[in-house]
Student: 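Got a structure here, written out as structure tokens. Questions coming.
A quick note: this is a predicted structure, and the numbers were derived from the prediction, not measured. Residues: numbered from 1 along the sequence shown.
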Amino acid sequence: MSTIAEATHRSRSHRRVRIDGWRWGGRIFLVFMLLYTALPMVWMLITSIKSGFAAMQFPPQWWPDQPTLASYQKLLDPQNSVGQDFLRFFWNSLFVSTATTILSVIVAVPAAYAFSRFTFPGRNFLFFTVLLRNMFPAVIFLVPLFILMRAIGLVNTHGSLVLTYLTFGLPLAIWLLKGFYDNIPVQLEQAARIDGATRFQAFFLIVMPLSAPGIIATAIYSFIGAWNEYIYAYTFLSKNEQLTLPVGIQRFFSENTTDFPGLMAASFMMSVPVVVLFLVLQRYFVRALTEGAVKH
């Protein structure tokens, strides 16, 4: 008996060591990924508080002797041309991203619900056709979409960007929400219908509150995609007053020199809304991804 007990104890100890090894390996990997993603942000922030001369030093100065917020003051001051341009670009990006997010949710919610709840001819074919667009890189559609926007008179307008971002954001938004609706029991709607609710009332009062994490995740995805997009904004917009932040930031580059502290300050401020949005709503985003991927 003692031999069996010793063997069992040895087996459990070996299993515990092996499990602990995987756990510590995972922790080390997470720390490495955190450093990999955070260090560029830290270096960007440090460079933004340097003077122009300190930012160009080689070997690089890891921490400035005299930190300064002059670059941020310049960007946020509407009295100078740089501040006026930056604030205009910021509001342009905010308008385009917000409009894209609202329209994406308005279109994706009923579309995903229809794919999840209704059966109609060509349903599966249409659903996979919607996803087919994501198989191709966005640059393939650049020329056709520019010709289309020019034909309908939307070049140099924010409407061209909103329509384009909807084209690329809706397929994944619909797919994400459909997986979420599939996990909401249809019996809940049936019970509401028995109690006298219409289909719309059952959807609005029962399904919508339960699908809030999926809707929030869709909104986050749409906002981030529109906020960071560069290629189409660079192609469709040429007027200075219409530019968005990803395109407007290139104004810090000139033929003879580059304002690296100003560029890093603008880049850091551009990343702040996305980071704050994700940190505030991350639990909804993770919940939507997990619940939409697992069948109950």
Student: To the nearest 0.5 Å, tell me how far Lys50 NZ sits from Gln66 CD.
Tutor: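 Output value for this atom pair is 13.5 Å.
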Student: Return the set of residues passing side chain to side chain contact (heavy atoms under 4.5 Å, CB included) with Leu172 (not counting sequence neighbours), or none when no residue passes.
Tutor: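 For Leu172 the side chain to side chain contact (heavy atoms under 4.5 Å, CB included) partners, ignoring immediate neighbours, are Asn134, Trp175, Tyr221.
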Student: Going by the rule side-chain hydrogen bond (donor to acceptor under 3.5 Å, both in side chains), which residues pair with Thr157 if we only count those two or more places apart in sequence or in a different chain?
Tutor: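 None.
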Student: What do you reckon, is CZ of Phe141 surrounded by more than 12 foreign heavy atoms closer than 6.0 Å?
Tutor: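 Result for CZ/Phe141: enclosed.
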Student: Can you tell me if Ser222 uses its side chain to pair, donor with acceptor, with the backbone of Ala219 under 3.5 Å?
Tutor: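 No; zero donor-acceptor contacts below 3.5 Å.
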Student: Applying ring-ring contact (aromatic ring centres under 6.0 Å, His included), which residue pairs with at least one partner in residues 75-95 are found, sequence neighbours left out?
Tutor: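 Pairs touching residues 75-95 that pass the test: Phe90-Trp227, Phe95-His158.
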Student: Taking the side chain as every heavy atom from C-beta outward, state whether Val96 and Val162 have any atom pair closer than 4.5 Å.
Tutor: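 Touching, per the 4.5 Å side-chain cut-off.
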Student: Please list, one pair per line, the donor and acceptor atoms closer than 3.5 Å that link side chains of residues 31-43 to other protein atoms, with sequence neighbours excluded.
Tutor:
residue, atom, partner, partner atom, Å
Thr37, OG1, Met33, O, 3.0
Thr37, OG1, Leu34, O, 3.1

Student: Do Leu76 and Val276 land in one hydrophobic cluster if side-chain heavy atoms of ILVMFWY residues count as linked below 4.5 Å?
Tutor: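 The answer is yes; both residues are in one hydrophobic cluster.
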Student: So how far is it from Met269 CE to Leu87 CG, rounded to the nearest 0.5 Å?
Tutor: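 Spacing of CE (Met269) from CG (Leu87) equals 7.5 Å.
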Student: Indicate if Phe203 and Val186 have the same hydrophobic cluster label, given that clusters are the connected sets of ILVMFWY residues with side-chain heavy-atom separations under 4.5 angstrom.
Tutor: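 No, Phe203 does not connect to Val186 through the hydrophobic network.
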Student: At their closest point, which heavy atom of Ser71 faces which heavy atom of Ala265, and how far apart are they?
Tutor: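 Smallest heavy-atom distance, with atoms named: CB-CB, 3.8 Å.
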Student: Determine which pairs satisfy salt bridge (charged side-chain N to carboxylate O under 4.0 Å, His left out) with at least one residue from residues 111-121, sequence neighbours left out, and list them in order.
Tutor: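 Counting only pairs at least two positions apart or across chains, the salt bridge (charged side-chain N to carboxylate O under 4.0 Å, His left out) contacts touching residues 111-121 are Arg117-Glu189.
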Student: For the side chain of Thr235 and the backbone of Tyr232, is there at least one donor-acceptor N/O pair under 3.5 Å apart?
Tutor: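 Answer holds: no.
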Student: How close do Thr198 and Gln201 get, heavy atom to heavy atom, and via which atoms?
Tutor: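 Distance-wise, the nearest heavy atoms are N-OE1, 3.0 Å.
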Student: State which residues pass ring pair (Phe, Tyr, Trp, His ring centres under 6.0 Å) with Tyr72; sequence neighbours excluded, sorted by chain then number.
Tutor: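 Not a single residue meets the ring pair (Phe, Tyr, Trp, His ring centres under 6.0 Å) criterion with Tyr72.
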Student: Quick check for you: to the nearest 0.5 Å, what is the distance between Asn183 atom CG and Ser211 atom OG?
Tutor: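 Asn183 atom CG to Ser211 atom OG measures 12.0 Å (nearest 0.5 Å).
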Student: To the nearest 0.5 Å, how far apart are CG in Asp182 and CG in Leu177?
Tutor: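 It is 10.5 Å, given to the nearest 0.5 Å.
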Student: Which side-chain N or O atoms in residues 144-156 pair as donor and acceptor under 3.5 Å with protein atoms at least two apart or in another chain?
Tutor:
residue, atom, partner, partner atom, Å
Asn156, OD1, Ser238, N, 2.6
Asn156, OD1, Ser238, OG, 3.0
Asn156, OD1, Lys239, N, 3.4
Asn156, ND2, Ser238, OG, 3.1

Student: Which distance, rounded to the nearest 0.5 Å, do you find between the CE of Met264 and the CE of Met270?
Tutor: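 Atom-to-atom, Met264:CE and Met270:CE are 12.0 Å apart.
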Student: Applying a strict under-4.5 Å side-chain criterion to I, L, V, M, F, W and Y, I'd like to know whether Leu163 and Ile140 cluster together.
Tutor: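 Hydrophobic grouping puts Leu163 with Ile140.
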Student: Can you name the ring pair (Phe, Tyr, Trp, His ring centres under 6.0 Å) partners of Tyr181, sequence neighbours left out?
Tutor: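 Only Tyr113 meet the ring pair (Phe, Tyr, Trp, His ring centres under 6.0 Å) criterion with Tyr181.
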Student: Which heavy atom of Ile206 sits nearest a heavy atom of Ala192, and at what distance?
Tutor: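 Heavy atoms of Ile206 and Ala192 come nearest at CG1-CB, 4.1 Å.
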Student: Using a 4.5 Å cut-off between side-chain heavy atoms of Ile, Leu, Val, Met, Phe, Trp and Tyr, which other residues end up in the same hydrophobic cluster as Phe125?
Tutor: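 Answer for Phe125: none, a lone residue.
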Student: Tell me the closest heavy-atom pair linking Thr100 and Leu166, and the distance in Å.
Tutor: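 Heavy-atom minimum between the residues: O-CD2, 3.8 Å.
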Student: Where do Ala202 and Ala197 come nearest, in terms of heavy atoms and distance?
Tutor: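 Heavy-atom minimum between the residues: N-CB, 4.3 Å.
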Student: Can you see which heavy atom on Gln242 is nearest to which on Leu237, and at what distance?
Tutor: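 The pair with the smallest heavy-atom distance is O-CD1, 3.2 Å.
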Student: To the nearest 0.5 angstrom, please state how far the CD atom of Glu229 sits from the CG atom of Leu161.
Tutor: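 Glu229 CD to Leu161 CG: 7.0 Å, rounded to 0.5 Å.
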Student: Who pairs with Ser81 by side chain to side chain contact (heavy atoms under 4.5 Å, CB included), at least two apart in sequence or on another chain?
Tutor: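 Per chain and number, Ser81 pairs via side chain to side chain contact (heavy atoms under 4.5 Å, CB included) with no residue.
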Student: Output every pair passing salt bridge (charged side-chain N to carboxylate O under 4.0 Å, His left out) with a member in residues 79-90, not counting sequence neighbours, ordered by first then second residue.
Tutor: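 Residue pairs passing salt bridge (charged side-chain N to carboxylate O under 4.0 Å, His left out), neighbours aside: Asp85-Arg88.
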Student: Carefully, step by step, assess Ser267 and Ile249 under the rule side-chain contact (heavy atoms from CB on, under 4.5 Å).
Tutor: CA-CA 8 Å; Ser267 301; Ile249 284 180; 4.2 Å; yes
Student: Does the Ser116 side chain pair with the main chain of Ala112, one donor and one acceptor, at a distance under 3.5 Å?
Tutor: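 No, because the side chain of Ser116 does not come within donor-acceptor range (under 3.5 Å) of the backbone of Ala112.
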Student: Taking a hydrophobic cluster as the set of Ile, Leu, Val, Met, Phe, Trp and Tyr residues connected by side-chain heavy atoms closer than 4.5 Å, whether directly or through intermediates, do Ile194 and Leu205 fall within one such cluster?
Tutor: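 As far as the 4.5 Å side-chain criterion goes, Leu205 and Ile194 are not connected within one cluster.
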Student: Spell out, yes or no, whether Ile174 and Ile102 are grouped together once hydrophobic residues are joined by side-chain heavy atoms under 4.5 Å, including indirect joins.
Tutor: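 In one cluster with Ile174: Ile102, no.
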Student: According to the salt bridge (charged side-chain N to carboxylate O under 4.0 Å, His left out) rule, which pairs have a member within residues 211-222, sequence neighbours left out?
Tutor: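 Sorted pair list comes back empty.
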